[in-house]
Number of protein chains: 2
Amino acid sequence: METRELRYFVAVAEELHFGRAAQRLGMAQPPLSRAISQLERRMGVVLLERTNRSVTLTEAGAVLLQEGRTALDAVEAAEHRAQRAALAAAGRASIVLATKAGASSELLAKLLHAYAAEPRSIQVDVLLCGPGEQERLLRNGRADVALLHRPFDETTGFEVEELLTEGQMAVLPAGHALTVRTDLHLSELADVPDLPMPRWPRPDGSYPDGPGPEVQSHSQLLQLISLGRALMVAPDSCRSQLHDDLVAVPIVDAPEVTTVIAWPPHSRSRPVADLIRTALRL
Amino acid sequence: METRELRYFVAVAEELHFGRAAQRLGMAQPPLSRAISQLERRMGVVLLERTNRSVTLTEAGAVLLQEGRTALDAVEAAEHRAQRAALAAAGRASIVLATKAGASSELLAKLLHAYAAEPRSIQVDVLLCGPGEQERLLRNGRADVALLHRPFDETTGFEVEELLTEGQMAVLPAGHALTVRTDLHLSELADVPDLPMPRWPRPDGSYPDGPGPEVQSHSQLLQLISLGRALMVAPDSCRSQLHDDLVAVPIVDAPEVTTVIAWPPHSRSRPVADLIRTALRL
DNA sequence: AGCAGCGATACCGCACGGGTATCGACGGCC
DNA sequence: GGCCGTCGATACCCGTGCGGTATCGCTGCT
């Protein structure tokens with residue numbers, strides 16, 4: 001199977017609409033239709049069920065969508081990593097580190113500082129990601145290493161080392177009734193009438209239903225909290241970077257969050273290994 | 001990048017010879033040369049250093065070879081798994097389990113037996129592999145689940161659960177001087193003059209240098225041992241399947257071997273989950 | 001010097017990918 | 001209920017690009 005065919009299929013499977021998929025791919029609809037039926041014929045498998053009004057995935061199609069995405073990521077990763085290896089061989093080596101925007105900033109600062117002091121250290125580019133974005137960057141080769149947060153992020157398929165485990169706190173607007181408390185339970189936060197939990201976009205860009213405001217970034221959310229429109233649950237270490245118009249209260253029964261450093265399996269680059277070793281010594 | 005280009009590159013990178021690579025790919029040499037230079041031009045990276053007498057990999061080429069192999073495996077896996085999902089949807093579901101030929105046979109028998117007794121169990125096809133072959137089968141989708149043996153097999157990139165940890169024994173021909181011993185040290189086995197360690201083929205089919213006989217299969221090796229031409233180091237559980245012309249002596253300082261059950265990340269198939277659960281209950 | 005081995009280049013033909021035009025089927029609507 | 005709009009499939013055409021053969025150019029060996 002060619003990656004072109006796979007890209008076409010993934011587009012159609014995601015859009016469930018040949019016209020829109022063709023548009024997204026920058027091509028006309030008929031060749032796309034033909035390419036998909038060719039793919040089905042060659043594989044000997046029906047991937048899409050087309051009634052004249054709608055397109056749905058078969059079982060096999062759902063599997064190919066999932067596996068195909070990771071396969072495309074792997075191809076992309078091969079390409080990127082080879083190009084970056086060429087740069088490195090030309091003396092312009094660098095490490096790309098992906099981390100969730102606004103999380104673990106203290107740990108990250110310490111890590112970058114400690115690594116910079118290492119004898120053989122090289123430039124580290126930090127990529128600030130939205131939630132769930134880091135795994136993708138790691139899988140498609142745009143990042144060499146990432147800070148992930150269990151249990152929120154998926155770590156399967158990567159090598160990981162644990163760096164830090166901490167509890168979680170509720171971040172509230174200063175002056176709110178709950179801020180007088182010394183600790184809280186999760187159940188008390190489930191539906192605080194005036195402070196709903198924010199809604200983050202799903203990978204496809206749509207938002208889940210709910211009462212909370214839609215947010216795209218951390219700074220946006222912090223602003224909403226200080227306006228008294230939302231609350232947030234975040235790891236203890238977030239406390240150090242809060243403005244004084246925000247108050248953090250420990251949550252006694254929240255699941256612990258473990259910050260891990262993750263990298264793609266079989267990554268044999270010397271600088272990445274140095275960085276990981278430095279992180280473990282913190 | 002198209003998988004066709006990647007397949008071409010991997011062939012050349014493995015052969016380090018355009019003519020042989022072209023032959024292996026079933027095509028003529030000139031189009032292959034052209035395809036590779038096109039790939040290099042499009043990537044903006046030199047992958048191969050050609051002096052007129054030899055072809056060598058650049059740094060970037062080495063990275064692309066490694067990453068490209070796993071990318072090709074991922075594409076192949078997507079294809080296979082989709083086809084198998086179609087079969088499953090048609091009621092002909094099955095699980096392919098890969099295991100090292102001659103290893104863990106007792107555990108495997110128990111597992112198959114226990115799983116067959118499960119209420120929702122389906123057919124399990126067992127694939128007996130040469131050393132190091134299972135990881136490949138798991139990565140390219142020809143197997144759904146595998147029994148691997150740490151620290152010999154590479155488990156990174158898979159999800160794993162530990163099943164059994166055991167010591168190792170030396171397997172010797174009956175009547176050999178060492179068989180009178182109740183235990184042995186690894187150092188004593190390093191160079192027993194008349195019983196060298198066998199040499200297994202590398203993934204590319206060639207053999208490492210050394211005094212031992214070249215072997216391709218477990219039964220071949222067992223035969224060589226009973227002929228007094230080799231010895232073998234194997235997990236304790238191998239004892240149950242030895243003929244009486246072979247004797248196993250415990251090695252006190254050999255690293256422990258852990259048999260794990262491994263499966264590809266994000267595998268969401270019900271039957272595989274059942275099988276794993278059964279294995280953990282043994 | 002001559003030859004053999006090997007990768008690169010030149011040139012050619014055809015298959016296939018992509019485009020436009022159009023069809024056919026189904027749903028919605030006044 | 002007839003008409004239209006939507007959407008995927010089909011028919012047909014064209015150009016690109018892939019693969020083939022022939023040949024060159026370089027280099028190391030004898």
Side-chain angles (χ1 to χ4, degrees), chain A residues 1-62 64-65 68 71-72 75 79, chain B residues 1-62 64-65 68 71-72 75 79 86 204:
Chain A
M1 185 169 21
E2 292 304 310
T3 59
R4 184 180 48 80
E5 305 177 277
L6 206 46
R7 268 190 297 269
Y8 289 1
F9 171 74
V10 168
V12 175
E14 282 179 354
E15 299 285 346
L16 292 177
H17 188 294
F18 279 76
R20 277 197 301 274
Q23 200 174 350
R24 199 174 103 182
L25 292 166
M27 67 188 290
Q29 168 260 320
L32 179 58
S33 283
R34 202 179 43 191
I36 299 290
S37 13
Q38 263 180 30
L39 176 62
E40 288 181 318
R41 195 148 24 81
R42 277 206 271 260
M43 288 185 61
V45 164
V46 179
L47 300 169
L48 298 164
E49 215 65 73
R50 304 90 145 146
T51 74
N52 258 345
R53 294 312 272 185
S54 74
V55 177
T56 59
L57 285 170
T58 61
E59 267 307 306
L64 188 62
L65 174 58
L72 288 177
V75 173
E79 203 165 345
Chain B
M1 183 166 26
E2 291 305 308
T3 59
R4 185 180 48 81
E5 305 177 277
L6 205 45
R7 269 192 296 269
Y8 289 2
F9 172 74
V10 168
V12 176
E14 282 177 355
E15 299 286 345
L16 291 177
H17 189 294
F18 280 76
R20 277 197 301 274
Q23 200 173 349
R24 201 174 101 182
L25 292 165
M27 67 188 290
Q29 168 260 321
L32 179 57
S33 283
R34 203 180 41 192
I36 299 289
S37 9
Q38 263 180 30
L39 176 63
E40 289 181 317
R41 194 148 24 81
R42 278 205 272 261
M43 288 186 61
V45 164
V46 179
L47 300 168
L48 298 165
E49 215 63 74
R50 305 91 145 144
T51 74
N52 257 346
R53 293 311 272 184
S54 73
V55 177
T56 59
L57 284 171
T58 62
E59 267 308 305
L64 188 62
L65 174 58
L72 288 178
V75 172
E79 201 165 346
D204 64 354

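First the proteins, then the strands, lettered A, B, ... as listed; each starts at 1.
B:E49 CD to B:E59 CD: the interatomic distance, rounded to the nearest 0.5 Å, is 11.5 Å. With rounding to the nearest 0.5 Å, the separation of CG in B:L57 from CG in B:L64 is 9.5 Å. How far CG of B:L32 is from CZ of B:R20: 12.5 Å, rounded to the nearest 0.5 Å.
Looking at heavy atoms from C-beta onward, A:V55 lies out of side-chain contact with A:H17 at the 4.5 angstrom threshold.
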Scan the side chains in residues 35-48 of chain A for donor-acceptor partners under 3.5 Å anywhere in the protein, sequence neighbours excluded, and list what turns up.
from: A:S37; atom 1: OG; to: A:S33; atom 2: O; distance (Å): 2.7
from: A:S37; atom 1: OG; to: A:R34; atom 2: O; distance (Å): 3.3
from: A:E40; atom 1: OE1; to: A:R50; atom 2: NH1; distance (Å): 3.0
from: A:E40; atom 1: OE1; to: A:R50; atom 2: NH2; distance (Å): 3.2
from: A:E40; atom 1: OE2; to: A:L47; atom 2: N; distance (Å): 2.8
from: A:E40; atom 1: OE2; to: A:L48; atom 2: N; distance (Å): 3.1
from: A:E40; atom 1: OE2; to: A:R50; atom 2: NH1; distance (Å): 3.0
from: A:R42; atom 1: NH2; to: A:E5; atom 2: OE2; distance (Å): 3.0

Could you go over nucleotides 8-13 of chain D and give all protein N or O partners under 3.5 Å, atom names and distances?
from: D:dG8; atom 1: OP1; to: A:F18; atom 2: N; distance (Å): 3.2
from: D:dG8; atom 1: OP2; to: A:F18; atom 2: N; distance (Å): 3.3
from: D:dG8; atom 1: OP2; to: A:G19; atom 2: N; distance (Å): 3.2
from: D:dA9; atom 1: OP1; to: A:R50; atom 2: NE; distance (Å): 2.8
from: D:dA9; atom 1: OP2; to: A:S33; atom 2: OG; distance (Å): 2.8
from: D:dA9; atom 1: N7; to: A:Q29; atom 2: NE2; distance (Å): 3.0
from: D:dA9; atom 1: N6; to: A:Q29; atom 2: OE1; distance (Å): 3.4

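As rounded to whole Å, 13 Å separates atom C1' of C:dG18 from atom CG of A:L25. As rounded to whole Å, 17 Å separates atom P of D:dG19 from atom CD of B:Q23. One can place CG of B:L32 at 9 Å from P of D:dG19, the figure rounded to the nearest angstrom. In this structure, B:M27 places its CE atom 11 Å from P of D:dT21, rounding to the nearest Å. The CG-P distance, from B:L39 to D:dC18, rounds to 11 Å in whole Å. Whole-Å rounding puts the A:E49 CD to C:dC26 P distance at 14 Å. One can place CD1 of A:I36 at 11 Å from P of C:dG18, the figure rounded to the nearest angstrom.
In this view, A:E14 and A:R24, A:R69 satisfy the side-chain hydrogen bond (donor to acceptor under 3.5 Å, both in side chains) rule, not counting sequence neighbours. In this structure B:R4 satisfies the side chain to side chain contact (heavy atoms under 4.5 Å, CB included) test together with A:E2, B:R7, B:Y8, sequence neighbours excluded.
In plain terms, the two heavy atoms of A:P31 and A:A28 that are nearest each other are CD-O, 3.4 Å.
Proximity of residues 2-12 of chain A to DNA chain C (heavy atom under 4.0 angstrom from any strand atom) is restricted to A:R4, A:Y8.
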